[in-house]
Amino acid sequence: MRLHLINLRSLYVLMPNSAPSQPLSLLDTANHLQRIRHTCAHILAMAVQRLFPNAKVTLGPWTETGFFYDFDCPTPFTPGDLERIEAEMRQIIQADLPIIQETVDRAAIKAEIEQLNEPYKLEILASIPEDAAITRYFIGCPDSGWTNHPEVEPSLTHPVAIPPQLCWWDLCAGPHLARTGQINPQAVALESVAGAYWRGDETKAQLQRIYGTAWETPEQLQAYLQQKEEAKRRDHRKLGQELKLFSIEEQAGGGLVFWHPKGARIRRVIEDYWRQAHTAAGYELLFTPHLANLELWKTSGHFDFYRDGMFDAIDVEEQAYQLKPMNCPFHVLTYQHDLHSYREFPLRWAELGTVYRYERSGTLHGLMRVRGFTQDDAHIFCLPDQVAAEILGVLNLTETILSDFGFQDYEVNLSTRPEKSVGGNEIWQLATAALIEALETKGWPYLTDEGGGAFYGPKIDIKIRDAIGRLWQCSTIQVDFNLPERFGMEYVAADGSRQRPIMIHRAIFGSLERFFGILIENYAGLFPLWLAPVQVRLLPVSDKQRDYAEQLAQQLKQQGFRAEVDQSGDRLGKTIRTAELEKIPVIAVIGNRELESEMLSVRTRAEGELGSLTLQALIKKMQDAIAHRSLI
RNA sequence: GCCGGUGUAGCUCAGUGGUAGAGCACCUAACUCGUAAUUAGGGGGUCGUGCGUUCAAAUCGCAUCACCGGCUCCA
């Protein structure tokens, strides 16, 4: 997942991205942890400049888990450098230097920065509004006569001893701690170095960003590191490999997903469930091509607006054809084939549509960011006064589906009109009001992202919270004024006139690939019984019980279970170990005792050994677990 | 795409200029076994790819592809 850590647009308004309406008050004394982190960023910058006098400082804010600082440094920082920088930071912390705020005069500080040759700081200074107060923060005592870039001989082999009168400063709005010694050096760690662009703009200079984490106590640091380990343990790329769910093949190209038999079984369960749920909610299901004449994409506007995300066109008998990056124009064409009456509305058309988008190589990431994926897409064509009810219907269906996959905690965003957009103000207001009405009827709290909508209409995005608290964006509901206009869509109204329908785009999983990745991580590979690729494995104690085990497996399969017999010929202990490592929910041992008693010795992933059960009792137990979508 | 890192057997990894290794997996044989690894043997790699340096390259250089950590992007 990408964590949006902070807003970098202005050094003077530091705010967590998750709560954009609550900037950190400069007078806020309660945010001790943020002060720790912000001060750590300064200490990091000070340490780096002491060890690497050529490094230019830029800026370094606090984040949700720590801090970072971006440097322009001609030599790349190595992992070994990080260790030395961290050691230097500890020295600065342990020297317990005072941190002193000073309000400065613009012209005077400008001259001072110029003298220090810190071009990025000059740019920051220039971006501070004329009427704003300008402050700097010293680490160490400003009266000591020492200043940045001290004449201390820097050393790359060992930390530089900190003279007590040392001083370093950074242009900054604060807030900070009063002394470096208020930081627990055992609760701070540097994490990684990465590339970053100055001002987040890829046309500007590439900087080196050093990430660190900082907490109030060593225990909190340990807890954070454990959480990171847990996320690593659940990584869908690792589990996907171990559980033989999917792969991405270098020979085929990056970002193209191969669903292996076990992953494909899960996908089929998901798709079957999805089709059933949509049919029940009044949707029709469509199938459309993967490719179409490029003219279609010119008509839709995608060629103008999103060409960068499309693969190059394919020449077909001197006509340009385009691999589809979206399904919507195909649904519009399907609509256009017939003349529609208002009496048919709302029309709800859904498709598991596979789209292909050009994503830059560096952005590809397992199942989360790919170049070919299947959207659980749908388009609703309706009358203006049906929009709010349709949106509400989508919210209800979304809740039903997501909660059946174990997601009950959502964060909802409403995104309004962006600068670059189409359509009249009136219709934007109408659509936005319909989205709000639906959200309020549903009773879901939401955050508003002003200007975050699509160019063609406002949208609702729903993020789900997973088992370890991470948020994932999946569902999206968008009102579209653009496509009906561009394609000249019409319906016949009650008075016989031709009118333009409203179009709603929506996806609940978003992409099947991505949702599968989220499921793997959410369940840590321990899929609930209804999703498990192998639900029950029968383990014959020796070859003598193999035929009997096969008969039982056959009966289970006839009841619709995904059942199989261990064919390895290994000893019992090994077959159990194998089944456990494969995270199979139910295993049943078949030995002579079971053969004679016609029972099964059952062991489940959640409950351990259950003792002897009849086949009927096991079937009942599994049917219950499937009905409740539980782990068993 | 950009910055940095990585690429050796199906998987996880060792191997710093001189005849490619281990564990697991796979195959074969023996054992016919009771709740997380039976024993023995065997097969398997143009060391991501290409070009170069060298008497000699997994090892050094350049290019390229893929992946990893980020940035940027994400209709």
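For Glu202(A), whose side chain is taken as the heavy atoms from C-beta onward, the closest listed nucleotide among G70(B), C33(B), G1(B) is G1(B). The side chain of Arg209(A) approaches C71(B) more closely than any other nucleotide in the set U35(B), C71(B), U72(B). The listed nucleotides are A36(B), A75(B), U38(B); the one nearest the side chain of Arg577(A) is A36(B).
Note on Asn592(A): a base of the nucleic acid sits closer than 4.0 angstrom, heavy atoms only. At the heavy-atom level, Gln545(A) lies nowhere under 4.0 Å from the strands shown. Within 4.0 Å of Glu191(A), counting heavy atoms only, lies no atom of the nucleic acid at all. As judged by a 4.0 angstrom heavy-atom cut-off over every strand, Phe77(A) is placed among residues making no nucleic acid contact. Using a 4.0 Å heavy-atom cutoff across all strands shown, Glu242(A) reaches no nucleic acid atom at all.
The pairing partner recorded for C60(B) is G52(B), the criterion being a Watson-Crick or G-U wobble arrangement whose two distances lie under 3.5 angstrom. Across all strands shown, U6(B) forms a Watson-Crick or G-U wobble pair with A66(B), both key distances being under 3.5 Å. Under the Watson-Crick or G-U wobble criterion, with both distances below 3.5 Å, G44(B) is left unpaired in every strand shown. Nucleotide A29(B) forms a pair with U39(B), judged by Watson-Crick or G-U wobble geometry with both contacts under 3.5 Å. Across all strands shown, the partner of G21(B) is C13(B), judged by Watson-Crick or G-U wobble contacts whose two distances both fall under 3.5 Å.
For the pair Lys298(A) and Phe303(A), the cation sits on the ring face: its NZ or CZ lies under 6.0 Å from the ring centre, inside 45° of the axis. A cation-pi geometry, defined here as NZ or CZ lying under 6.0 Å from the six-membered ring centre and within 45° of its normal, does not hold between Arg37(A) and Phe67(A).
Using modelled atom types and a 3.5 Å distance limit, the side chains of Glu594(A) and Ser597(A) yield no donor-acceptor pair.
If you check residues 294-311 of chain A against RNA chain B, the residues with a heavy atom closer than 4.0 Å are Tyr306(A), Gly309(A), listed by number.
Put simply, the side chain of Arg571(A) and the base of U32(B) share no donor and acceptor less than 3.5 Å apart. In the interface, the side chain of Arg369(A) is paired with the base of C73(B) through a donor and an acceptor atom under 3.5 Å apart. For Tyr197(A) against C3(B), a side-chain-to-base donor-acceptor contact under 3.5 Å is absent.
Shortest non-hydrogen contact noted between Arg470(A) and Ala231(A) is NH1-CB, 3.8 Å.
The pair Glu351(A)-Lys324(A) meets the salt-bridge criterion, with a side-chain N (NZ, NE, NH1 or NH2) lying under 4.0 Å from an Asp/Glu carboxylate O.
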